[in-house]
Amino acid sequence: MLLEVRRLSVAYGKAVALENVSLDVAPGEFVAVLGPNGAGKSTLLKAISRAQPSSGTLSFRGESLQALPAHAVVGKGICHCPEGRRLFPELTVLKNLMLGAYLRSDRAQVEADLEQVYRLFPVLEERGAQVVSTLSGGQQQMVAIGRALMGRPALLLLDEPSVGIAHRLKLEIFDAIKRIQAAGTAILMAEQDAQSALRVADRVYVLEHGQVGRCGSSAELGADDYIRQAYLGVN
Ligand code: ATP
C-alpha cells in the first residue's frame, strides 16, 4: 500500500470529528471520500498531511507519518490541495505555482513540472503574470491543484475540488484529475458531489459522522441502494 490509515481519530476539544477511520490508497489509485457537510472529510485530509494532530496510525510507503511535521510530509511525497484553495490572491499565478516547489532544489525538474502543469491547464500559462484574485473560481482551483503538483506528489490530497465551480469548468477539472492519475500520481479526494466522485474514482469510502460507513469500488457503491437514495437522489 502507498497510504495506510488505521483507527485514525481526531477531536476538537470534546467534539469528535473522526473516530477510528481506516483507509488505504494503493500506488496510482484514485480514491474518493464521500460524505455530507461536517462528516469529517477535511479533517481526514488534514490529519494525513499532519496539519491536524490525530491518534491512530498513518503510514506512507511503510513509514510512519505520525511523528512528522507537515512540511516533512510534503517532502515524503504527499501534497495537499486544501478546501478554499488557500492561495495568495495578490500574487501572480506563476508565483503561486512556484510556492508549491519551495522545498525543491532540482531546478530543471521544477521547470519540467511547470510545463506539465501548463499542459494540464493551458489557461494558467496564458494567465501566468496575472494576479490570482482576478481569476474565476474554477481557474483558481486549477492554480491550487497546479501548486500541489509542483511538490511532485506520489499522493495528491484534494479537498472538494469542484465546490462552487461552474459545471463546464468542473468537468474540465475532473478530467484533469483523471489525467494526473494516468500520469502515475495516486489521488485521495474529498467530495460532496457523489455523481462526479463515482464517475472518476476507482474506489470510494463514505464518511458519515466521522466514521466510515460503506466502502467499495465505484461500481459497487453506484449500485448500492442506500448510496443511490442518500447520495444520488434515486428513489
Ligand atoms: P465540509 O464539507 O463542510 O468541509 P467536512 O466533511 O470536511 O465538511 P470537517 O470540516 O472535517 O467536515 O468537520 C468535521 C466536524 O468537525 C464538523 O462538525 C466541524 O464543525 C468540526 N470542526 C472542523 N474544524 C474544526 C475546528 N477547527 N474546531 C472545532 N470544530 C471543528
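Values reported hereafter were calculated over all heavy atoms of this structure, with side chains retained and with hydrogens, waters and symmetry mates removed. Start at 1 and go down the list; that is how both ligands and their atoms are numbered.
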Between [X] and [Y], does any side-chain N to carboxylate O distance fall below 4.0 Å?
X	Y	answer
Arg107	Glu111	no
Arg152	Asp113	yes
Asp24	Arg203	no
Asp175	Arg179	yes

Got the closest protein heavy atom to [atom], with its distance?
atom	result
atom 2 (O) of ligand 1	Glu160 OE2, 2.8 Å
atom 12 (O) of ligand 1	Gly40 N, 3.1 Å
atom 1 (P) of ligand 1	Asn37 OD1, 3.5 Å
atom 16 (O) of ligand 1	Tyr12 CE1, 3.4 Å
atom 18 (O) of ligand 1	Gly38 O, 3.9 Å

Judged by modelled atom types alone, do [X] and [Y] share a side-chain donor-acceptor pair under 3.5 Å?
X	Y	value
Ser42	Glu83	yes
Gln192	Asn37	yes
Ser162	Glu191	yes

Any protein heavy atom lying closer than 4.0 Å to atom 20 (O) of ligand 1? no
Is there a protein heavy atom less than 4.0 Å away from atom 29 (C) of ligand 1? yes
State the atoms of ligand 1, each with its element, that fall below the 4.0 Å cut-off from a heavy-atom position in [X].
X	answer
Thr43	9 (P), 11 (O), 13 (O), 14 (C)
Glu83	1 (P), 4 (O)
Ser42	4 (O), 5 (P), 7 (O), 10 (O), 11 (O)
Pro36	6 (O)
Ala39	5 (P), 6 (O), 12 (O)

Identify the heavy atoms of Gly28 and Ala186 that sit nearest to each other, and give their distance. N-CB, 3.6 Å
Please work out, at 4.0 Å between heavy atoms, whether the side chain, the backbone, both, or neither of Lys46 comes within that distance of ligand 1. neither
Below a 4.0 angstrom heavy-atom separation, can you tell me which part of Ala15, side chain or backbone, both or neither, approaches ligand 1? neither
Heteroatom proximity flag, Gln192 to ligand 1, N/O under 3.5 Å: yes
Is there side-chain contact between Val131 and Pro89, with heavy atoms separated by less than 4.5 Å? no
Spacing of CD belonging to Glu220 relative to CD1 belonging to Ile227, to within rounding of 0.5 Å: 11.5 Å
